[in-house]
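Below: one structure, written as structure tokens.
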Amino acid sequence: MEGNNIPLHVGIIMDGNGRWAQKRGKERSYGHKAGSANVDRIVEHAFTIGVKSVTLYAFSSENWARPAEEVQQLMKLLAHYLKKLTAKAVKKQIRLNVLGAKERLSADLNAVIEKYTAKTAMFTERNLNVLVDYGGRGEIVRAARRAAEKGEITEESLAENLYTAGQPELDLIIRTGGEIRLSNFLLYQAAYAELYFTDVLWPDFDEAEFDKAIENYSKRKRRYGKVEC
Ligand code: FPP
């Protein structure tokens, strides 16, 4: 793989935890645990091969509609794994950002998020974005409001007010779990991103599967609407 064919910014829709558990005759919660544990190795691997920003869809604005018990478990897992990810981010000099409305999170979880992300706020080279209480439409509305407050709404001013402002353009979106849709993930940033869908369920998506996605990406011709010369 050519070094310059490594995507700078990769977004991941980590789908399939529930089905992974059901296939094993277990509760969905078992799948979420396995899915959370999988985050660590994929993040480590992505930064090792040269990716500069990784954005993970951890909890969408729509996920609040899941059964209360499942929501509670996901929040617990988030708090637990954010701590682990912070330790890794500090060691590897990666900025950890938890992005989303976050208004409906408990005050405790918001305080924990503040505490952890502050430990990595000095790093500028690489970003690990965890989307929590996030929706792409909501992000665009928020960005438009902020841009309007400061002046004119243009493509540039809108982009400057997205959660991912200042980070490399989104190059690649990976969705595991077999569905072929974006589900409100990084809608504005996705304009020219390459899309990679795989049937592999998130807990089974290992480094070799990640490399398959990168290899597939590296062969794509990106034209951004222009004709090839
Ligand atoms: C989709 O599987 C997965 C989620 C809604 C949650 C994703 C969250 C994690 C992997 C854990 C927390 C993340 C971090 C960063 C620590 P699903 O339940 O929709 O699976 P299904 O489609 O098989 O039902």
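The figures here come from the full heavy-atom set of this structure, side chains too, leaving out hydrogens, waters and symmetry mates. Order of listing sets the numbers, starting from 1, for every ligand and every atom in it.
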Min over Pro203, Gly18, Gly177 of heavy-atom distance to atom 20 (O) of ligand 1 lands on Gly18
Under 3.5 Å: donor-acceptor pair, side chain of Tyr57, backbone of Ser183:
yes
Closest to atom 3 (C) of ligand 1 among protein heavy atoms sits Met14 O, 3.2 Å
A student checking ligand 1 against His32 at a 4.0 Å heavy-atom cut-off should list atoms 18 (O)
In this structure, atom 15 (C) of ligand 1 is nearest to the protein heavy atom Val130 CG1, 3.9 Å
Out of curiosity, is Asn63 lining ligand 1, as in a heavy atom under 4.0 Å away? yes
One finds that the ligand 1 atoms under 4.0 Å from a non-hydrogen atom of Asp15 are 1 (C), 2 (O), 17 (P), 19 (O), 20 (O), 21 (P), 22 (O)
**OP:** Apply side-chain hydrogen bond (donor to acceptor under 3.5 Å, both in side chains) to the pair His32 and Asn17, showing each step before the final yes or no.
**Re:** CA-CA 5 Å; His32 288 317; Asn17 294 343; 3.2 Å; yes
Does any N or O in the side chain of Asn63 come within less than 3.5 Å of the main-chain N or O of Ser60, such that one atom is a donor and the other an acceptor? yes
When distances are taken from atom 13 (C) of ligand 1, the protein heavy atom at minimum range is Ala58 CB, 3.9 Å
| said: Treating Ser157 as the side-chain partner and Glu152 as the backbone partner, does any N or O pair qualify as donor plus acceptor under 3.5 Å? | reply: yes
Atom 12 (C) of ligand 1: closest protein heavy atom, distance to 0.1 Å, is Ser36 OG, 3.7 Å
Here the atoms of ligand 1 under 4.0 Å from any heavy atom belonging to Gly35 are 10 (C)
(message) Are any of the N/O atoms on Arg19, whether in the backbone or the side chain, positioned under 3.5 angstrom from an N/O atom of ligand 1?
(response) yes
query = N/O of Leu85 under 3.5 Å from N/O of ligand 1, yes or no?
reply = no
Closer than 3.5 angstrom, by distance alone: can the side chain of Ser61 be matched with the main-chain N or O of Gly135 as a donor-acceptor pair? yes
| field | Glu139 side chain to Tyr163 backbone, donor-acceptor under 3.5 Å | value | yes
Q. Is ligand 1 less than 4.0 angstrom away from at least one heavy atom of Gly16?
A. yes
Verify, without hydrogens or angle tests, whether Ser53 (side chain) and Pro168 (backbone) share a donor-acceptor contact under 3.5 angstrom. no
Closest non-hydrogen atoms of Leu56 and Val43, given as atom of the first, atom of the second and distance, are CD1-CG2, 4.0 Å
Next on the checklist: Under a 3.5 Å cutoff, is there a donor and acceptor pairing between the side chains of Glu194 and Asn216?
Outcome noted: no
Closest to atom 14 (C) of ligand 1 among protein heavy atoms sits Val39 CG2, 4.0 Å
Counting from 1 in the order shown, the ligand 1 atoms closer than 4.0 Å to a non-hydrogen atom of Tyr81 are 16 (C)
- Task: Check for a donor-acceptor pair, side chain of Arg95 on one end and backbone N or O of Met122 on the other, with a separation under 3.5 Å.
- Result: no
- Under 3.5 Å, side chain of Asp15 to main-chain N/O of Trp202, donor-acceptor pair present? no
Per-atom filter on ligand 1: closer than 4.0 angstrom to a heavy atom of Arg66 are 5 (C), 17 (P), 18 (O), 19 (O)
For atom 10 (C) of ligand 1, the closest protein heavy atom turns out to be Asn17 ND2, 3.6 Å
For Arg28, the ligand 1 atoms with a heavy-atom partner under 4.0 Å come out as 17 (P), 18 (O), 24 (O)
